[in-house]
Asker: 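The following block contains the structure, expressed as C-alpha cells.
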Amino acid sequence: MEKFDTLRLGNEVTVTIWGPDGSCLYKSTSDGDHTIEGAIEKALSEANLKVDPEDCVFEVKDHSTGVAHRYRINAHGHLKLIV
C-alpha cells in the first residue's frame, strides 16, 4: 500500500481549504508536488487567506489514486490527519 504523505511527480492533486464556518475559501489543482505538506503550503501561499490557517481544514485529493484526506495544522505548525 502506498503512503499518501508522498506524491508521485505528475499526480494531479486538488487542495481545498475549508474555513472555520465550513465554507470553501480556496480550491486549486496542480501537479508536481512531492508531499502533502508541499501541496498545502503552495495552496496557502496562493490563497491569501484572511483567517488563521490553524482554524482551517485542508482536503487533499490525489486524482490518480482517488484517495482524499482531510488535515488540520496544529499549534506547532505540523499537519495532522483528521480521522
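All values below were derived from every heavy atom in this structure, side-chain atoms included, with hydrogens, water molecules and symmetry-related copies excluded.
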Asker: For the residue pair C24 and T16, establish whether any side-chain heavy-atom pair is separated by less than 4.5 Å.
Answerer: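 Heavy-atom side-chain distance check passes, below 4.5 Å.
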Asker: Answer yes or no: is there a side-chain heavy-atom contact under 4.5 Å between V60 and V13?
Answerer: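 Side-chain contact under 4.5 Å: yes.
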Asker: Kindly assign one of parallel, tilted or perpendicular to the pair Y71 and H69, based on the angle between their ring planes and the thresholds 30° and 60°.
Answerer: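 Perpendicular.
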Asker: Mind checking whether T14 and K27 have side chains closer than 4.5 Å, heavy atoms only?
Answerer: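 SC-SC contact between T14 and K27 confirmed.
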Asker: Do you know which two heavy atoms are closest between V51 and P20, and how far apart they sit?
Answerer: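 Where V51 meets P20 most closely, the heavy atoms are CG2-CD, 4.3 Å.
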Asker: Quick check for you: to the nearest 0.5 Å, what is the distance between F58 atom CZ and I36 atom CD1?
Answerer: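 Result: 12.5 Å between the selected atoms.
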Asker: With a 4.5 Å heavy-atom cut-off, do N74 and E54 have their side chains touching?
Answerer: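 Side chain of N74 against side chain of E54, heavy atoms only: no contact under 4.5 Å found.
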Asker: Report yes if some heavy atom in the side chain of D31 is under 4.5 Å from a heavy atom in the side chain of N11; otherwise report no.
Answerer: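 They are not in side-chain contact.
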Asker: Atom CD1 of I40 and atom CZ of R72: how far apart are they, to the nearest 0.5 Å?
Answerer: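 So the CD1 of I40 and the CZ of R72 are separated by 12.0 Å.
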Asker: Determine the minimum heavy-atom distance between C56 and L25, stating which atoms define it.
Answerer: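 Taking C56 first and L25 second, the nearest heavy atoms are SG-CD1, 4.0 Å.
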Asker: With heavy-atom distances below 4.5 Å as the criterion, would you say the side chains of E59 and W18 are in contact?
Answerer: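 A side-chain contact under 4.5 Å exists here.
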Asker: With the 4.5 Å side-chain cut-off for hydrophobic clustering, are V57 and I73 part of the same group?
Answerer: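 No, V57 and I73 fall in different hydrophobic clusters.
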Asker: I need the R70 CZ to L79 CG distance, nearest 0.5 Å.
Answerer: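 Going from the CZ atom of R70 to the CG atom of L79 covers 14.0 Å.
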Asker: Does any non-hydrogen side-chain atom of S30 lie less than 4.5 Å from one of K42?
Answerer: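 With C-beta onward as the side chain, the pair touches.
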Asker: Rounded to the nearest 0.5 Å, how far apart are CD1 of I17 and OG of S23?
Answerer: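 That separation rounds to 11.0 Å.
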